[in-house]
Amino acid sequence: ISNLQNLGWALRMRWLWLQKIDPSRPRLKFPIQVHHYVHAFFFMAVTTKVGDGVKTLFWTDRWIHGQRIANLAPRVFRLAPKRTVLEALTGQARISDIQGALTVIVISECILLWDLLSEVALQHGAEDSNFHISRLMVSTPLN
């Protein structure tokens, strides 16, 4: 084994992948410590195709134009509660949920989000099961 740290990170990334695609597995309920680099790499490499929005995390999954909303609207992300796409788009999220100062920058990010989300239509009955790993995962060596 050339690098135990990289192997450990790869195994933890696999754990994150299994939690993402099938969270109902009992063994995946156990908490594991995952280095922040592993989380960052995982969220950078995995994109989601939204169906009904039940499994996709609104802020942290890459689901809208290949981007994370947390990156598109970081100030709103810090102030708003964390939800799934379904919860956020079915009227369960309101501007009043944002806790903190509504500065001009926060309001401009809200308008940007409103614009982006106006194009999104959930597909009821279609699961968010089309998670895939970007080419970065295939072409990047571990050591």
Which donor-acceptor pairs under 3.5 Å do the side chains of residues 63-72 make with protein atoms, sequence neighbours left out?
unit_1: Trp63; atom_1: NE1; unit_2: Phe58; atom_2: O; d: 2.9
unit_1: His65; atom_1: NE2; unit_2: Glu119; atom_2: OE1; d: 3.3
unit_1: Arg68; atom_1: NE; unit_2: Thr60; atom_2: O; d: 2.8

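- Note that CZ of Arg62 is 16.0 Å distant from NZ of Lys49, once rounded to the nearest 0.5 Å.
- Here Thr48 contributes atom OG1 and Asp61 contributes atom CG; the two are 4.5 Å apart, rounded to the nearest 0.5 Å.
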Would you give me the side-chain donor-acceptor pairs under 3.5 Å for residues 101-108, sequence neighbours excluded?
unit_1: Thr103; atom_1: OG1; unit_2: Val106; atom_2: N; d: 3.3
unit_1: Ser108; atom_1: OG; unit_2: Val104; atom_2: O; d: 3.4
unit_1: Ser108; atom_1: OG; unit_2: Ile105; atom_2: O; d: 2.7

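- Note: the hydrophobic cluster containing Leu89 also contains Val76 (ILVMFWY, side chain heavy atoms under 4.5 Å, direct or indirect links).
- Two different hydrophobic clusters hold Leu57 and Val46 under the rule that ILVMFWY side chains link at heavy-atom gaps under 4.5 Å.
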Query raised in the report: Between Asp52 and Leu122, is a side chain to side chain contact (heavy atoms under 4.5 Å, CB included) present by the stated rule, with each step listed?
Result: CA-CA 5 Å; Asp52 58 9; Leu122 297 179; 5.7 Å; no
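- For residues 72-91, the set of pairs meeting the ring pair (Phe, Tyr, Trp, His ring centres under 6.0 Å) definition, not counting sequence neighbours, comprises Trp59-Phe77.
- Between Leu117 atom CG and Leu112 atom CG the span is 9.0 Å, to the nearest 0.5 Å.
- Checking side-chain atoms of Ser118 against main-chain N and O of Asp115 turns up a donor-acceptor pair under 3.5 Å.
- Both Leu79 and Ile111 are assigned to one and the same hydrophobic cluster, defined by single-linkage of ILVMFWY side chains at heavy-atom distances under 4.5 Å.
- If you run side chain to side chain contact (heavy atoms under 4.5 Å, CB included) between Lys55 and each of Val85, Asp128, Val50, only Asp128 comes through.
- Across Arg12 and Val34, no two heavy atoms sit closer than the pair CD-CA, 4.1 Å.
- Not counting sequence neighbours, Phe42 has no partner by the ring pair (Phe, Tyr, Trp, His ring centres under 6.0 Å) test.
- Under the salt bridge (Lys or Arg N to Asp or Glu O under 4.0 Å) criterion, Arg75 pairs with Glu109, sequence neighbours left out.
- Shown here are the ring pair (Phe, Tyr, Trp, His ring centres under 6.0 Å) partners of Trp9, two or more places apart in sequence or in another chain: His35, Tyr37.
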